[in-house]
Amino acid sequence: MGGWFWLIALGLFLVLVGLYMHWSVVLLGALVPFVPVVAELLRRRRNRHP
């Protein structure tokens, strides 16, 4: 009987790890297009203040 609990716990753990990885990749993909915009704003700020 105890083996079932370990299998359920392992399954839930793997589901949570998969969701964490999935949403990390989704958020990273959503933020990547803003990197050039931020880089350009920082470059302009540095050039404005010599």
Side-chain angles (χ1 to χ4, degrees):
M1 180 94 177
W4 285 104
F5 291 119
W6 283 111
L7 287 175
I8 291 171
L10 179 63
L12 288 174
F13 175 73
L14 291 175
V15 167
L16 290 175
V17 169
L19 285 172
Y20 175 76
M21 290 174 58
H22 170 76
W23 285 111
S24 298
V25 170
V26 168
L27 287 175
L28 182 65
L31 293 176
V32 163
F34 294 102
V35 171
V37 175
V38 173
E40 179 64 21
L41 291 174
L42 290 174
R43 186 185 66 81
R44 287 185 184 185
R45 178 175 288 185
R46 266 182 284 158
N47 288 344
R48 192 170 39 154
H49 300 289

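In this text, all values refer to a predicted model and were calculated from it rather than measured experimentally. In what follows, residues are counted from 1 in the order of the sequence shown.
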Minimum heavy-atom distance between Pro36 and Val32, given as atom pair plus value: CD-O, 3.7 Å
Heavy-atom pair with the smallest gap, counting every atom of Pro33 and Ala30: CD-O, 3.4 Å
Which residue pairs pass the side-chain hydrogen bond (donor to acceptor under 3.5 Å, both in side chains) test with at least one member in residues 14-33, sequence neighbours excluded? none
According to side-chain hydrogen bond (donor to acceptor under 3.5 Å, both in side chains), does anything in residues 8-17 pair up with another residue at least two apart or in another chain? List the pairs. none
Same apolar cluster (I L V M F W Y, side chains within < 4.5 Å links), Leu41/Val35: no
Using the side-chain contact (heavy atoms from CB on, under 4.5 Å) criterion, which residues pair with Val17? Sequence neighbours excluded. Phe13, Met21
What pairs with Leu42 under side-chain contact (heavy atoms from CB on, under 4.5 Å), at least two apart in sequence or on another chain? Val38, Arg46
Pairs where residues 30-39 contributes a residue and the test side-chain hydrogen bond (donor to acceptor under 3.5 Å, both in side chains) is met, not counting sequence neighbours: none
Taking only residues at least two apart or on different chains, which pairs with a member in residues 27-43 satisfy side-chain hydrogen bond (donor to acceptor under 3.5 Å, both in side chains)? Glu40-Arg43, Glu40-Arg44
